[in-house]
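Below you'll find the structure, written out as structure tokens, and then a few comments.
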Amino acid sequence: MSPGDNRHDHSRRLREQTPQSEQLHERAAEVTPLGVESNVRSFDPYPFYVEETSGSTVTDIDDNEYLDFLLALGPIILGHNHPDVTAAVKAQAERADLTATPQRIAIEFMERIVEMTPSIEQVRLANSGTEATMHAIRTARSYTGNDLIAKPEGGYAGAHDYALMSVYADEDALGPKERPNTVSYGTGIPDVVEDTVVAIPFNDKENTEAVLREHADDLAAVIIEPVMFSAGCLKPQDGYHEFLRELTEELDIVLIWDEVMTGFRLGPASAQGRFGVTPDMTTFAKAAGGGYQVGGFGGKREIMAEIEPPEDEDAESWHSSAFHGGTYNGHPVSCAAGLATLDVLQNENVYEHIDRMGERLFEGLQEVADDAGLPVNVQYVGSMGQVYMTDHEIRHYRDTWHANSDQYADWWREAAAGGALFGNPMQSERFFTTYTHTEEQIDRALSIAEDAFNAVNHEYE
């Protein structure tokens, strides 16, 4: 659909309310590309700059307060500045900072991760989801002796070269939906990397099996999100994960669940606990750190043993194990934050609350969109979901192409000007509820959303 002649300037109110952010953005653009620290933070007319956070809200430098459902793209599961997390961070910062030697707090944090995660017998820490998936893939390649990996088209698994394949592209580049092409996302990625990744169609068992069987002798791993939140919110259908678990076991392919977004968010045992499927390896980040820089990967002991150099003195130690390192791995302050977060998640009724708030929010968004007469499809699992600007069925990645991304961005800007951040203005992203959200806040957000739906209605017909 193309915009009609009656399309309004949906950035106007946001610009009027954020003059200091505009000035700071111009200043930032002088020292960093796009004026932001990550490309995802850049949007029209310009990003606003946050000054303070508290519970379920953020306040920008122009003193505008927003109900926060962006939640730092997922890490803020307990609310901003949760007192237990803040206290743990302060205590650790006063006790010991970074030493590049092991500290007890990191061991305690890793023990808790192993205790809570069905698939993880041993774990290593990193600093981001990107690092986690990169090292998990390397370890799986070392374990199998194969180079090829498979991932679903439309899936984002980090910002390293091997993961930036078939994330976004046009239909001509991606080719047939049954056998998607491998296409690098962005420039600067060597063409040869495309030869090490094959794309599979999520939720299509027949064609997924065909691709994996064709390349089985060369495949090290399948890396996949249990719910494809990197495409908004694509839920597994018709036993897809059970099928994939059986098939990868049969073909001796390592199954990696990328739980960077879902880990410790969809339940205490993450998505694998919620769905009852146990992969060979798991990556995590975001919610595990409660707002601090934590990532990691783990799995079966025999797979994680690939990181250990052999004891055989005759072995070529430089070429006999999968290297994993990092100065900031197991940073004591981040581990303190992570352990405090997991304590609260285990000992308080967090998941019941955030899922109940999620149901109230996402079901409510569908209702107010319907009341506005707007074709909208809201998809969610627990406390995570997305609004698709289409009434088309959403089962596969290419179904999301029916959603109107321009209309979504305009809706987001209208809602932001009204005081609610439903994620960011990108249709392929998602948003969340947190432990500090209240029913009253959800209801206020729904009122804001309804006004925003009405503001963008009838412009894209």
Side-chain angles (χ1 to χ4, degrees), residues 1 3 10-11 14 18 21 25 33-50 58 66-76 129-130 152-159 163-164 166-170 174 183 185-186 202 225 227-234 258 260-262 286 361-362 365 369 374-381 384-390 392 394 397-418 420-433 445 448-449 452-453 455-456 459-460:
M1 293 183 291
H10 295 286
S11 298
L14 203 54
T18 56
S21 278
H25 179 61
L34 297 175
V36 291
E37 310 90 340
S38 166
N39 281 20
V40 178
R41 300 175 191 177
S42 177
F43 57 83
D44 292 332
Y46 46 80
F48 58 84
Y49 291 78
V50 170
V58 298
Y66 308 86
L67 287 169
D68 187 13
F69 300 97
L70 172 62
L71 297 170
L73 295 172
I76 307 301
T130 289
E153 72 163 349
Y156 176 81
L164 286 176
S166 301
V167 179
Y168 303 111
D170 58 34
L174 286 174
V183 183
Y185 178 59
F202 186 76
E225 295 172 279
V227 182
M228 267 185 60
F229 284 111
S230 57
C233 178
L234 287 181
D258 175 10
V260 165
M261 278 192 277
T262 56
K286 295 190 185 292
L361 175 65
F362 293 112
L365 286 168
L374 208 60
V376 161
N377 187 331
V378 180
Q379 295 288 315
Y380 73 100
V381 177
M384 311 170 65
Q386 179 60 308
V387 172
Y388 293 101
M389 289 296 191
T390 178
H392 193 278
I394 302 293
Y397 167 61
R398 300 195 188 195
D399 292 336
T400 68
W401 294 356
H402 293 274
N404 190 316
S405 57
D406 291 334
Q407 188 175 34
Y408 179 84
D410 284 342
W411 172 76
W412 184 92
R413 294 183 188 100
E414 290 286 354
L421 302 179
F422 295 112
N424 63 24
M426 300 176 188
Q427 179 74 85
S428 59
E429 295 284 335
R430 81 299 308 163
F431 49 97
F432 314 82
T433 53
I448 294 169
F453 282 133
V456 300
E459 292 188 3
Y460 292 84

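For this chain, numbers begin at 1 and follow the sequence in order.
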- Arg413 and Asp44: side-chain contact (heavy atoms from CB on, under 4.5 Å), yes or no, with the steps? CA-CA 9 Å; Arg413 294 183 188 100; Asp44 292 332; 3.6 Å; yes
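- In this structure, the side chain of Arg430 engages the main chain of Phe229 through a donor-acceptor pair within 3.5 Å.
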- Task: Could you give me the CA-CA distance, side-chain angles and deciding distance for Met384 and Val381, then say whether side-chain contact (heavy atoms from CB on, under 4.5 Å) is met?
- Result: CA-CA 6 Å; Met384 311 170 65; Val381 177; 5.7 Å; no
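- Partner of Phe422 under the ring pair (Phe, Tyr, Trp, His ring centres under 6.0 Å) criterion, out of Phe69, Phe453, Phe432: Phe69 alone.
- Classification of the Phe43-Trp412 ring pair by plane angle, with boundaries at 30° and 60°, yields perpendicular.
- Looking at Ser405, its side chain never comes within 3.5 Å of a backbone N or O of Gln427 through a donor-acceptor pair.
- The main-chain N or O of Thr18 is found under 3.5 Å from a side-chain atom of Tyr46 such that the two form a donor-acceptor pair.
- A 4.5 Å side-chain heavy-atom check between Leu174 and Tyr397 finds at least one atom pair inside the cut-off.
- The six-membered or imidazole ring of Tyr66 lies near that of Phe48, with a centre-to-centre distance under 6.0 Å.
- Counting all heavy atoms, side chain and backbone alike, Tyr388 lies closest to Ala231 at OH-O, 2.8 Å.
- Here the CG-CE distance, from Asp406 to Met389, works out to 11.0 Å after rounding to the nearest 0.5 Å.
- To the nearest 0.5 Å, atom CD of residue Glu429 and atom CG of residue Leu73 are 5.5 Å apart.
- With hydrogens and angles disregarded, a donor-acceptor distance shorter than 3.5 Å links the side chain of Gln407 to the backbone of Val456.
- In terms of heavy-atom proximity, Ala449 sits nearest to Leu365 at CB-CD2, 3.5 Å.
- Of all heavy-atom pairs between Gly74 and Lys286, the closest is C-CB, 4.3 Å.
- Ring to ring, Phe362 and Phe431 are close: their centroids are under 6.0 angstrom apart.
- Panel note: side chain Ser428, backbone Gly232; no donor-acceptor pair is recorded below 3.5 Å.
- Here the closest non-hydrogen pair linking Ala159 and Thr130 is N-OG1, 2.8 Å.
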- Message: If you apply the rule side-chain contact (heavy atoms from CB on, under 4.5 Å), what do you find for Glu225 with Val260, and how did you get there?
- Response: CA-CA 8 Å; Glu225 295 172 279; Val260 165; over 6 Å; no
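- Side-chain contact annotation: Gln386 with Tyr408, donor-acceptor N/O pair under 3.5 Å present.
- For the atom pair OG1 (Thr433) and CG (Leu71), the distance works out to 8.0 Å, reported to the nearest 0.5 Å.
- In this structure, the separation between CG on Leu234 and CD on Gln379 is 8.0 Å, given to the nearest 0.5 Å.
- For the atom pair Leu67 CG and Ile448 CD1, the distance stands at 5.5 Å (nearest 0.5 Å).
- Residue Thr400 holds its OG1 atom at 10.5 Å from NE2 of His392, rounded to the nearest 0.5 Å.
- With a 4.5 Å cut-off on side-chain heavy atoms, Leu361 and Tyr380 do not count as touching.
- The two residues Phe202 and Pro152 make their nearest non-hydrogen contact at CB-CB, 4.1 Å.
- In terms of modelled atom types and a separation under 3.5 Å, the side chain of Asn377 and the main chain of Thr390 share no donor-acceptor contact.
- Looking at Ser42, its side chain never comes within 3.5 Å of a backbone N or O of Asn39 through a donor-acceptor pair.
- Between Val227 and Met261, the closest side-chain pair of non-hydrogen atoms is not below 4.5 Å.
- Annotation for Val376 and Ala369: closest pair CB-CB, 3.7 Å, computed over non-hydrogen atoms.
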